[in-house]
Amino acid sequence: MMETETAAETLKAFSHPTRLSILQELLAGPKCVTDMEELLPVRQANLSQHLCVLRNAKLVDFAQEGALRCYYLSRPRLVGDMLKLLGREEPVIKRSPAQLKADKQRLERARQRQEHSNSQTQRSPCSSRTT
């Protein structure tokens with residue numbers, strides 16, 4: 001089961017256009033900061049701030065050789081799946097008040113049936129003994 005605080009922090013890291021662009025670039029392979037500066041329309045200081053957010057969310061990490069820092073995805077499957085999900089074309093569903101009311105009634109009936117079934121199971125003995 002996921003912890004909601006951790007999940008919310010991870011989702012926040014995805015919630016900026018620049019960070020999404022960084023993740024898309026890193027999905028193609030590791031990039032050094034200078035590479036990303038050339039690919040993305042952001043200054044180095046701003047790029048560093050976004051990379052820090054992504055590192056804190058444990059989505060990216062880096063390897064350093066001298067003054068050169070190269071970033072890579074530390075959770076490539078998660079990032080890939082999220083970017084695919086975000087790229088899906090999903091239709092917007094509009095519901096009428098009558099449809100919502102019918103759904104709520106259907107859910108309430110199902111809940112009542114479940115409660116009734118649970119109470120029947122608790123009342124009936126699992127086995128009977130003869131003395």
Side-chain angles (χ1 to χ4, degrees):
M1 189 79 141
M2 81 173 147
E3 184 187 325
T4 56
E5 286 293 321
T6 303
E9 288 302 314
T10 301
L11 290 172
K12 280 186 209 177
F14 282 95
S15 69
H16 193 281
T18 299
R19 291 194 290 270
L20 286 174
S21 295
I22 291 168
L23 292 170
Q24 285 176 319
E25 289 298 332
L26 292 176
L27 196 58
K31 304 267 184 314
C32 295
V33 174
T34 53
D35 299 329
M36 286 188 272
E37 279 182 279
E38 292 174 12
L39 295 168
L40 302 171
V42 293
R43 290 192 175 125
Q44 191 273 331
N46 189 248
L47 182 60
S48 292
Q49 289 173 335
H50 287 296
L51 286 165
C52 183
V53 171
L54 293 170
R55 280 189 64 224
N56 288 338
K58 296 178 178 54
L59 296 175
V60 304
D61 206 349
F62 67 89
Q64 189 159 348
E65 191 173 319
L68 196 60
R69 260 189 193 188
C70 292
Y71 284 82
Y72 61 92
L73 295 177
S74 53
R75 294 161 74 187
R77 245 177 78 197
L78 173 66
V79 171
D81 288 349
M82 281 296 292
L83 293 177
K84 273 187 224 166
L85 184 62
L86 292 169
R88 283 189 354 198
E89 293 292 324
E90 290 288 326
V92 175
I93 298 170
K94 293 295 231 174
R95 306 293 303 252
S96 70
Q99 289 171 315
L100 293 175
K101 185 177 179 181
D103 284 347
K104 285 176 71 175
Q105 289 171 344
R106 187 171 38 256
L107 288 170
E108 180 61 24
R109 285 192 302 269
R111 186 188 61 76
Q112 288 173 352
R113 281 193 302 272
Q114 182 65 38
E115 285 177 0
H116 180 72
S117 174
N118 288 345
S119 68
Q120 291 295 332
T121 303
Q122 291 171 356
R123 271 194 247 146
S124 62
C126 293
S127 63
S128 59
R129 287 193 207 171
T130 56
T131 54

Exercise. To the nearest 0.5 Å, how far apart are CG in L54 and CZ in R75?
Worked result: 11.5 Å

Problem set entry | Cluster link L68 to V60, ILVMFWY, side chain under 4.5 Å | no

Exercise. With a cut-off of 6.0 Å (strictly less than), are more than 12 heavy atoms of other residues, nucleotides or ligands near CZ of R111?
Worked result: yes

Problem set entry | Under 3.5 Å: donor-acceptor pair, side chain of D35, backbone of C32 | yes

For this session: Heavy atoms only: give me the nearest L26-Y71 pair and the separation to one decimal.
Result: CD2-O, 3.4 Å

For this session: Answer whether the closest heavy-atom distance between the side chains of K104 and E108 falls below 4.5 Å.
Result: no

Exercise. With Y72, which residues qualify under ring pair (Phe, Tyr, Trp, His ring centres under 6.0 Å), at least two apart?
Worked result: none

For this session: Tell me, please, which residues at least two apart from R95 pass side-chain hydrogen bond (donor to acceptor under 3.5 Å, both in side chains).
Result: D103

Exercise. So, Q64 side chain and G66 main chain: donor-acceptor pair closer than 3.5 Å or not?
Worked result: yes

For this session: Working to the nearest 0.5 Å, report the span between NZ of K31 and CD of E38.
Result: 11.5 Å

For this session: Following the transitive rule for hydrophobic clusters with a side-chain heavy-atom cut-off under 4.5 Å over Ile, Leu, Val, Met, Phe, Trp and Tyr, establish whether L73 and L78 coincide in one cluster.
Result: yes

Seminar exercise, completed: Tightest non-hydrogen contact, residues L27 and P76, listed as CD1-O, 4.2 Å

For this session: Quick one: list whatever passes side-chain hydrogen bond (donor to acceptor under 3.5 Å, both in side chains) with E25, sequence neighbours left out.
Result: none

Problem set entry | Sole candidate of V53, L39, L47 that passes side-chain contact (heavy atoms from CB on, under 4.5 Å) when paired with I22 | L47

Using distance only, find each side-chain donor-acceptor pair of residues 5-17 under 3.5 Å and give its atom names and separation, not counting sequence neighbours.
{"unit_1": "E9", "atom_1": "OE2", "unit_2": "K12", "atom_2": "NZ", "d": "3.0"}
{"unit_1": "T10", "atom_1": "OG1", "unit_2": "T6", "atom_2": "O", "d": "3.0"}
{"unit_1": "S15", "atom_1": "OG", "unit_2": "K12", "atom_2": "O", "d": "2.5"}
{"unit_1": "H16", "atom_1": "ND1", "unit_2": "T18", "atom_2": "N", "d": "3.0"}

Exercise. Which residues satisfy the side-chain hydrogen bond (donor to acceptor under 3.5 Å, both in side chains) test with E90, sequence neighbours excluded?
Worked result: R88

Exercise. Any chain of hydrophobic side-chain contacts (each under 4.5 Å) joining L100 to L107?
Worked result: no

For this session: Apply side chain to side chain contact (heavy atoms under 4.5 Å, CB included) to K101 and Q105, showing your working.
Result: CA-CA 6 Å; K101 185 177 179 181; Q105 289 171 344; 3.5 Å; yes

Problem set entry | Sequence-distant partners of R69, salt bridge (Lys or Arg N to Asp or Glu O under 4.0 Å), two or more places apart | none

Exercise. Just by distance, do the side chain of S48 and the backbone of Q44 share a donor-acceptor pair under 3.5 Å?
Worked result: yes

Problem set entry | Q114 CD to S119 OG distance, which is reported to the nearest 0.5 Å | 10.0 Å

For this session: Looking only at non-hydrogen atoms, find the nearest pair between K58 and S74 and report the distance.
Result: O-OG, 3.0 Å

